[in-house]
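Worksheet for the structure shown next.
Per chain, numbering begins at 1; letters A, B, ... match sequence-line order.
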Protein chains: 2
Amino acid sequence: MRMPYGSAAESFGQASMGYVATEESVTQTLAFLLGKLGQVASGRFAARLAPLGLRPRHCALLELLAHAPKAQLELAHAIGVTPSVVVDMLDELEQAEAVRRVRDSTDRRRQLIELTTKGRRLRRRAVALARETDEEMLAGFDTAQAAALRTGLLRIADSAGLFGSVTRPS
Amino acid sequence: MRMPYGSAAESFGQASMGYVATEESVTQTLAFLLGKLGQVASGRFAARLAPLGLRPRHCALLELLAHAPKAQLELAHAIGVTPSVVVDMLDELEQAEAVRRVRDSTDRRRQLIELTTKGRRLRRRAVALARETDEEMLAGFDTAQAAALRTGLLRIADSAGLFGSVTRPS
DNA sequence: TATTGTTATACTCTATAACTATA
DNA sequence: TATAGTTATAGAGTATAACAATA
């Protein structure tokens with residue numbers, strides 16, 4: 001049983017313990033809520049990305065490759081997926097002419113993945129679309145609330161070892 | 001180009017504008033980050049739920065049914081999925097003897113879904129496991145940071161019309 | 001005719017395991 | 001023998017569309 005905003009119980013400070021528990025329901029835990037909102041956020045982002053021929057999962061790769069070419073296993077580790085998934089994502093990005101696979105001459109097992117000019121352009125557009133999506137989701141948030149939310153998420157990503165130093169809160 | 005913690009650019013206050021943009025990368029947007037962290041969170045929650053024979057998606061249903069029986073379309077709307085998905089989830093919960101489908105005598109098209117005693121027990125255990133998962137993900141957060149994060153997420157869920165009044169921040 | 005629930009099907013995202021070519 | 005990348009396959013998540021029973 002949850003009280004509406006500004007209810008008597010809240011005003012009198014009863015909301016913080018006892019009858020109205022702070023975290024009584026699964027739907028209020030990060031464990032569950034993050035999963036559901038992740039689907040919502042991905043869906044909205046995907047809808048905006050579709051005209052570019054990209055999906056959300058491609059964007060992290062474009063990001064990671066923006067400053068220097070990387071090997072496929074590096075990418076897999078950085079975005080937290082298994083190597084075979086990266087193969088598939090790169091196949092799609094290569095077909096979209098966004099990346100090139102270049103055989104490493106010093107170790108012919110490796111391939112260095114580099115962004116093409118088109119890939120850089122796609123990355124810039126993707127960032128803009130992600131920002132639009134954020135603005136939609138953060139409508140009504142003030143600057144401090146939005147920053148607190150983003151900082152918290154970045155911190156969890158960091159502790160999960162995702163995106164390396166690219167995703168560091170300022 | 002992102003500066004490491006405590007870099008010269010940051011120390012001199014240049015980090016807030018110009019060269020080091022606050023939100024230059026896709027991996028720092030909610031649109032992308034929420035999707036990725038949602039997968040991580042769901043994976044961790046699922047690992048803890050597995051011994052119960054439940055997956056994260058079942059938990060919202062157990063939650064919504066905790067206080068009163070509901071029809072399948074109500075559930076579908078509340079958790080933001082298409083009705084055929086609810087059929088599948090309820091088939092699984094019914095097989096686990098966590099819910100019962102009871103034909104509504106006043107409108108024989110509808111089925112009222114009610115929690116069994118076992119379903120209530122599973123729901124309580126699921127909440128406990130979700131909390132454990134939260135504690136793992138929020139390690140190192142102080143109370144205010146954790147609350148700000150949760151409040152922000154609940155607010156987005158609310159604006160997306162999810163979970164009805166059950167998911168209201170205090 | 002409209003609505004509730006169901007089935008069939010398909011698409012996306014992911015992972016595991018077995019394979020190749022290089023080292 | 002170990003490593004980088006690839007392929008094949010399978011599981012979990014989603015949605016759309018066509019259908020039966022009931023209103």
Legend entry - Euclidean distance, atom CD of residue B:Gln111 to atom P of C:dT3 [Å, nearest integer]: 19 Å

Legend entry - Carboxylate-amine/guanidinium contact B:Arg100 B:Glu94, below 4.0 Å: no

Legend entry - Pairs involving residues 78-90 of chain A, ordered by first then second residue, that meet side chain to side chain donor-acceptor pair (under 3.5 Å) (sequence neighbours left out): A:Arg57-A:Asp88

Legend entry - Summary of protein contacts for nucleotides 13-23 of chain C, nucleotide by nucleotide, where a base hit scores B, a sugar-phosphate-only hit scores S (4.0 Å, heavy atoms): SBBB-----BS

Inset, instruction - Specify the angle, to 10°, made by the local axes at the two ends of the helix from C:dT1-D:dA23 to C:dA23-D:dT1 when five pairs are taken at each end. - result: 20°

For residues 35-43 of chain A, tabulate all N or O donor-acceptor pairs below 3.5 Å that involve a side-chain atom, not counting sequence neighbours.
{"unit_1": "A:Lys36", "atom_1": "NZ", "unit_2": "B:Ile79", "atom_2": "O", "d": "3.0"}
{"unit_1": "A:Lys36", "atom_1": "NZ", "unit_2": "B:Gly80", "atom_2": "O", "d": "3.3"}
{"unit_1": "A:Ser42", "atom_1": "OG", "unit_2": "A:Gly38", "atom_2": "O", "d": "3.1"}

Legend entry - side chain to side chain donor-acceptor pair (under 3.5 Å) pairs, two or more places apart, involving residues 136-147 of chain B: A:Arg155-B:Gln145, B:Arg44-B:Glu136, B:Arg48-B:Glu136

Inset, instruction - With a 4.0 Å heavy-atom cut-off, tell me which residues in residues 69-77 of chain A come close to DNA chain D, sorted by residue number. - result: A:Ala71, A:Gln72, A:Leu73

Inset, instruction - Calculate the interatomic distance between A:Arg110 atom CZ and D:dT3 atom P; express it in whole Å. - result: 14 Å

Legend entry - B:Arg110/B:Glu74 ion pair, N-O < 4.0 Å: yes

Inset, instruction - Evaluate salt bridge (charged side-chain N to carboxylate O under 4.0 Å, His left out) for A:Arg55 paired with A:Glu92, printing each intermediate quantity in order. - result: CA-CA 10 Å; A:Arg55 277 163 293 149; A:Glu92 293 169 329; 2.6 Å; yes

Inset, instruction - Please state how far atom CZ in A:Arg44 lies from atom C1' in C:dT12, giving the value in whole angstrom units. - result: 19 Å

Legend entry - Residues B:Arg150, B:Asp134: salt bridge by 4.0 Å N-O rule: yes

Legend entry - Donor-acceptor contact below 3.5 Å, side chain A:Gln111 vs main chain A:Val102: no

Inset, instruction - Could you tell me whether B:Arg101 atom CZ has more than 12 heavy atoms of other residues or ligands within 6.0 Å of it? - result: yes

Legend entry - Whole-Å gap separating C1' (D:dT6) and CG (A:Asp91): 9 Å

Inset, instruction - Mark yes or no for whether A:Thr133, through its side chain, and A:Leu129, through its backbone, hold a donor-acceptor pair below 3.5 Å. - result: yes

